[in-house]
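From a predicted model like this one, the values you see are computed outputs, not experimental measurements. Numbering of ligands and ligand atoms starts at 1, following listing order.
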Amino acid sequence: MIRYYDEEHMFCLDTEHCSYQFEIKYGRYLLHRYYGRKISSPIRGIAGRNLGKNYSSLHPDYEHPEYSPDMELFEFPLEGRGDYRNPAFRGRRKDGSPVFDFVFSNYTISNGLIAAEGLPSVYSENLDNAETLDVVCRDDHTGLELHLLYGVLPEYDAIIRWAVMINKGHQIQTVERFMGFCLEFPDSEYDMITMEGAWAREHHQKRRTIGTGTTSISSTRGLSSHQYNPSAIICRKETTEDSGEAYGFSLLYSGNFRIEAEAGPYGTLRCLMGINDDTFSWNIASGASFTTPQTVFVMSSSGLNGFSQKFHRLIRERIIRGEYRDRERPILLNNWEATYFDFDHKTLVEIADSASQMGMELFVLDDGWFGNRNDDKSALGDWIENKKKLSEGLIGLSREIHQRGMKFGLWFEPEMVSPSSRLIKEHPEWVLGTLEESLSLGRNQLVLNLALEEVQKFIITTLTSILNESEIDYVKWDANRSISEYSSRKFSGDQQGELSHRYVLGLYHILDVLTRRFPHVLFEGCAGGGGRFDLGILAYMPQFWTSDNTDAVSRLKIQSGASLFYPSVSMGAHVSDVPNHQVGRYSSLEFRSSVAMSGNLGYELDIRSLSEEEREIISYDIAFYKKWRRIIQYGKFYRLSPINSCCGVGENEEFSWMFVSPDEKKAVLFWFRRLHVPSVPPSIVRMRGLNTEFTYLETNLGETFKGDELMYSGIVVPQPLGDFTSWIAEFSAV
Ligand code: DGJ
């Protein structure tokens, strides 16, 4: 609920458990006052941070000399008038001055969530009681009108922030930095947690103490990136998985971003998030506007698990949309690691035969089905089936797969082009970059300029005709390189700074058209694995290929890191061959399955060469997964912390997590150990989210336990010998 308190000049935005408050000071300035656990009325106690006279403080407001911007908390901090911390906005007026003075003008409150124009947005449904606050500020020198937007989703405990700049003046204005999200804290005694890594090592949880100055993560790779996910959690030092405060935010954006957490000189913490200004500038013509991406943020006072659960639900129900939003996701077989580029119709049908016999539901034909693509050096852009490999064509293959009772899926990499392709010969001007002779290659390919309408049309028409002609139920949308040369032969000099953002807008337009046109198709995002796993993509594609690294041991860190923000239903997780193709490691089929079953299960190995015993294990696992799929994909997820850490056992050697049904009657627990350590106490796992009153039967042990015992005392894990072992326990209330 959003309320304005006249007497206190305060806006109070309340969700079910949290409050967000800010004040209009002296009728002009928007000062942040509070974000945290719910408070029933406007706060008074710490309103105003006047720290008394200070040698260096500036006083731009002569009528209110006590107002010193360097010490205040702002909703939208500006530079050039006495606040020396990082600003949310930077620009250059036509007269060359960098000073802008946005002053409060008026506000409106409307029902429901408003969408950010041209960008993916969090949405609301009728019964959500969602509201949007639009606070308008004006800069008289330029005629720029700033709209600060706050969407409130009470039941989800979520607030969405973004901003729109409208040029109501007569001259063009240049924006050089525009962060749609700012969240200030009165103290800076916090840690920051992010998901970081590199290709095949994405989403590793990184926790650091916020020191003095600015802690920042960002991407200039054109994609949100493997290196840093556009999300962060700010939490107290004592916050654990199960207790303490955690404030987390994530950007609905798939391109270059920046997050800054700045501990100010007067003990405050300022968090900013938005488009990365290193690769951005934008000219707003008279009468035109610019909209920032949305940031969604959530606060939990029950630790990181509490935080993740809120975020998971929000993503599942108010970011993911379309027919697959609430549907169980099919178990797939992907031919990539089974065949790479070397396949033909007969091989694929044989693989599909085995897959369907074991209970798999979707056959995905990966890279190499088009043009003369027999390695990664050619044919991107020439999206015509290769009849030498697919003798019956895509139509024939898709039909045969369907006859086996499976769905059929196809891989594309629509944003890219191979230098030797026909497409590039016909349209060299479609490629990003202006210096033809020295364009950087990534995985032997160049990037199409998605900012160009003709490129958008080409991709939309090409995919539309393939999806119409064959029987395709699933699309894997890949993007295997970073963007480098941010320029275009088709852009004028002063437009070049807009390219990185225009690329992302182009991508969203294409995805919007295609996903609306093909509502029955399940889209899975991919960018060399998890290089563009973000809320922007999830607004179009309900699942993402978490990492190219299919090694189950590596996946423990990757998947548990990603689970900070992303629900299991959004994470592709495949069982692959041994030795693993990325790291060369051996692990048992049971172990590999247990890790993959913790996400959106798939298989990516040549199942024709499996032994009878392995086929039986896989068939059993598939039946098991189908039994628990609803709860794994849509239940409540808890990361469980090991309680022993004797002799190296514990945090880095053991991982466990569990899923609980909404009625708390069913739960499934996964426990994993990397290296075995002898002569240590048995591992004990304390479960979470059960009902203390219920008695649960663990079906494999055949024993019953009370819910309170399982949560407070814990369950002793049977100690299998060997490295890379796992244990699954199934609980049903009796
Ligand atoms: C990278 C993806 O992440 C892989 O799964 C596979 O689709 C290859 N690209 C194909 O080129």
Chemist: Please say which of K557, Q582, H581 ends up in a side-chain contact (heavy atoms from CB on, under 4.5 Å) with N549.
Modeler: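 For N549, the side-chain contact (heavy atoms from CB on, under 4.5 Å) check succeeds only for Q582.
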Chemist: Exactly which residues line ligand 1, taking a heavy atom under 4.0 Å from it as the test?
Modeler: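 Residues W336, D366, D367, W411, R443, K476, D478, N480, C526, G528, G529, W545, D548 each place a heavy atom under 4.0 Å from ligand 1, listed by chain and number.
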Chemist: Is it the case that R327 places NZ or CZ above or below the six-membered ring of Y324, under 6.0 angstrom from the centre and within 45 degrees of the axis?
Modeler: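 That pair qualifies as a cation-pi contact.
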Chemist: If we count only N and O atoms by modelled type, under 3.5 Å, do the side chains of Q543 and R329 hold a donor and an acceptor together?
Modeler: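 There is such a pair between these side chains.
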Chemist: For the residue pair F672 and F655, is the inter-centroid distance of their aromatic rings smaller than 6.0 Å?
Modeler: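 Between F655 and F672, which both carry aromatic rings, the centre distance is not below 6.0 Å.
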Chemist: Throw together a table of side-chain donor-acceptor distances under 3.5 angstrom for residues 411-421, partners on residues two or more places apart or in other chains.
Modeler:
{"residue": "W411", "atom": "NE1", "partner": "D478", "partner atom": "OD2", "Å": "2.9"}
{"residue": "E413", "atom": "OE1", "partner": "N480", "partner atom": "ND2", "Å": "3.3"}
{"residue": "E413", "atom": "OE2", "partner": "Q445", "partner atom": "NE2", "Å": "2.7"}
{"residue": "E413", "atom": "OE2", "partner": "N480", "partner atom": "N", "Å": "2.5"}
{"residue": "E413", "atom": "OE2", "partner": "N480", "partner atom": "ND2", "Å": "3.3"}
{"residue": "E415", "atom": "OE1", "partner": "Y503", "partner atom": "OH", "Å": "2.7"}
{"residue": "E415", "atom": "OE1", "partner": "R532", "partner atom": "NH1", "Å": "2.9"}
{"residue": "E415", "atom": "OE2", "partner": "W477", "partner atom": "NE1", "Å": "2.7"}
{"residue": "E415", "atom": "OE2", "partner": "R532", "partner atom": "NH2", "Å": "2.7"}
{"residue": "S418", "atom": "OG", "partner": "S378", "partner atom": "O", "Å": "3.4"}
{"residue": "S418", "atom": "OG", "partner": "A379", "partner atom": "N", "Å": "3.2"}
{"residue": "S418", "atom": "OG", "partner": "L380", "partner atom": "N", "Å": "2.8"}
{"residue": "S421", "atom": "OG", "partner": "S418", "partner atom": "O", "Å": "2.7"}
{"residue": "S421", "atom": "OG", "partner": "I424", "partner atom": "N", "Å": "3.3"}

Chemist: With no hydrogens and no angle check, do the side chains of N468 and S465 hold a donor and an acceptor under 3.5 Å apart?
Modeler: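 Per modelled atom types, N468 and S465 side chains form no pair under 3.5 Å.
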